[in-house]
Amino acid sequence: MSEKTIGVFVGSLRKDSFSKKIAQNVIDLFPEGFTAQIIDIGNLELYNQDFDDNSTPPASWEKFRHEVGKLDAFLFVTPEYNRSVPAALKNALDVGSRPYGKSVWDAKPGAVISVSPGNISAFGANHHLRQSLVFLNIYTMQQPEAYIGNVTNVLGADGKITSENTKSFLKSYVDAFVTWINHF
Ligand code: FNR
């Protein structure tokens with residue numbers, strides 16, 4: 001079996017982002033044969049259809065589309081902004097979805113982890129994101145769902161997860177995602 005590459009898309013651009021820390025912990029949980037890596041979404045110009053209509057896409061879009069097109073699966077790790085997905089992540093989805101008919105997201109497996117310092121665990125972002133993933137035809141794992149709430153209670157100063165419960169949950173989550181990816 002050849003190595004599979006999972007692109008990890010973090011919804012926060014913040015240097016000390018909790019979501020990014022959770023993503024980095026999750027990356028380490030993938031087994032042999034799977035490489036997970038964060039794909040930068042912070043340098044993408046805001047989506048403007050004119051660039052595609054005139055065949056003048058910014059270099060940042062071209063690089064991103066090329067990079068995402070080579071991936072085998074997608075993992076989205078996102079905080080919630082105002083009960084939805086941060087604009088940076090939505091922008092990345094939009095950039096990858098065009099030009100029309102050439103979406104780099106189409107027909108590949110994906111999964112969602114939402115992260116929040118609050119109790120509601122970014123449920124709103126998780127499900128708004130899933131709505132877009134349906135349209136993009138990303139085969140999104142339904143179960144288990146992953147809602148990491150009260151995230152400051154499970155992260156140590158070094159950015160590692162200190163909670164054994166959270167670690168073991170995320171390990172089982174990654175194992176399920178690997179099984180899911182292998183279906184395709
Ligand atoms: C937030 N935050 C937030 N949290 C939440 O649970 N639900 C929400 O709707 C919002 N809304 C929101 C909007 C905006 C514009 C900001 C900047 C923040 C708080 C958010 O969860 C917190 O800042 C996290 O630390 C952001 O995630 P990262 O950057 O730590 O990954």
Side-chain angles (χ1 to χ4, degrees), residues 5-30 34-48 60-61 63-64 67-68 71 73-97 105 109-136 138 140-174 176-177:
T5 307
I6 292 95
V8 180
F9 301 85
V10 178
S12 170
L13 307 184
R14 193 168 75 87
K15 182 167 54 73
D16 294 322
S17 160
F18 301 128
S19 311
K20 197 192 303 165
K21 289 177 183 161
I22 293 293
Q24 277 154 348
N25 280 269
V26 169
I27 282 171
D28 293 339
L29 298 174
F30 279 87
F34 291 79
T35 303
Q37 61 193 50
I38 290 179
I39 306 291
D40 186 21
I41 62 169
N43 61 352
L44 292 173
E45 291 197 36
L46 276 184
Y47 188 77
N48 178 339
S60 66
W61 294 7
K63 181 171 176 286
F64 181 76
E67 210 175 358
V68 176
L71 297 168
F74 314 124
L75 175 62
F76 300 92
V77 184
T78 189
E80 178 172 271
Y81 280 3
N82 300 311
R83 295 283 180 261
S84 187
V85 177
L89 183 53
K90 182 61 165 55
N91 186 53
L93 291 176
D94 294 342
V95 167
S97 71
W105 305 113
V112 177
I113 298 174
S114 58
V115 177
S116 175
N119 280 329
I120 304 175
S121 314
F123 175 88
N126 191 309
H127 283 263
H128 271 190
L129 178 57
R130 284 172 183 274
Q131 179 171 321
S132 294
L133 302 190
V134 168
F135 185 68
L136 293 169
I138 293 176
T140 307
M141 184 169 73
Q142 315 246 1
Q143 293 292 338
E145 297 162 275
Y147 305 101
I148 309 298
N150 300 307
V151 67
T152 51
N153 295 345
V154 304
L155 283 174
D158 61 357
K160 296 279 179 210
I161 294 173
T162 51
S163 154
E164 288 307 320
N165 275 349
T166 303
K167 248 189 262 184
S168 99
F169 166 69
L170 286 172
K171 176 67 185 131
S172 63
Y173 184 84
V174 166
F177 186 34

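Numbering of ligands and ligand atoms starts at 1, following listing order. These numbers come from the heavy atoms of this one structure, side chains and all, not from hydrogens, waters or symmetry mates.
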Exercise for review: Can you see which heavy atom on Thr78 is nearest to which on Ala125, and at what distance?
Suggested key: CG2-CB, 4.3 Å

Review point. Heavy atoms only: which of Pro117, Ser121, Ala87 is nearest to atom 22 (C) of ligand 1?
Key: Pro117

Exercise for review: Using heavy-atom distances, let me know which of Ser19, Gly118, Ala122, Ala125 sits nearest atom 31 (O) of ligand 1.
Suggested key: Ser19

For [atom], find the nearest protein heavy atom and state the residue, atom name and distance (0.1 Å precision).
atom                    : result
atom 6 (O) of ligand 1  : Ser116 OG, 2.8 Å
atom 27 (O) of ligand 1 : Pro79 CB, 3.2 Å
atom 19 (C) of ligand 1 : Glu80 O, 4.5 Å

Study note, to complete from the structure: Near Arg83 (heavy-atom distance under 4.0 Å), the atoms of ligand 1 are 7 (N), 8 (C), 9 (O)

Study note, to complete from the structure: Near Ser12 (heavy-atom distance under 4.0 Å), the atoms of ligand 1 are 28 (P), 29 (O), 31 (O)

Measuring from [X]:[atom1] to [Y]:[atom2], what's the distance to the nearest 0.5 Å?
X      : Y      : atom1 : atom2 : value
Ile39  : Lys63  : CD1   : NZ    : 8.5 Å
Ile161 : Ile148 : CD1   : CD1   : 7.0 Å
Gln24  : Ser19  : CD    : OG    : 11.0 Å
Lys90  : Leu129 : NZ    : CG    : 10.0 Å

Is the backbone of [Y] close enough, under 3.5 Å, to the side chain of [X] for a donor and an acceptor to pair up by distance?
X      : Y      : answer
Thr140 : Ile138 : yes
Thr162 : Val154 : yes
Ser97  : Val95  : no

Taking distance alone, with N or O pairs closer than 3.5 Å, would you say [X] contacts ligand 1?
X     : answer
Asp16 : no
Phe18 : yes
Tyr81 : no

Check your understanding: Could a heavy atom of Asn82 be found less than 4.0 Å from some atom of ligand 1?
Key -> yes

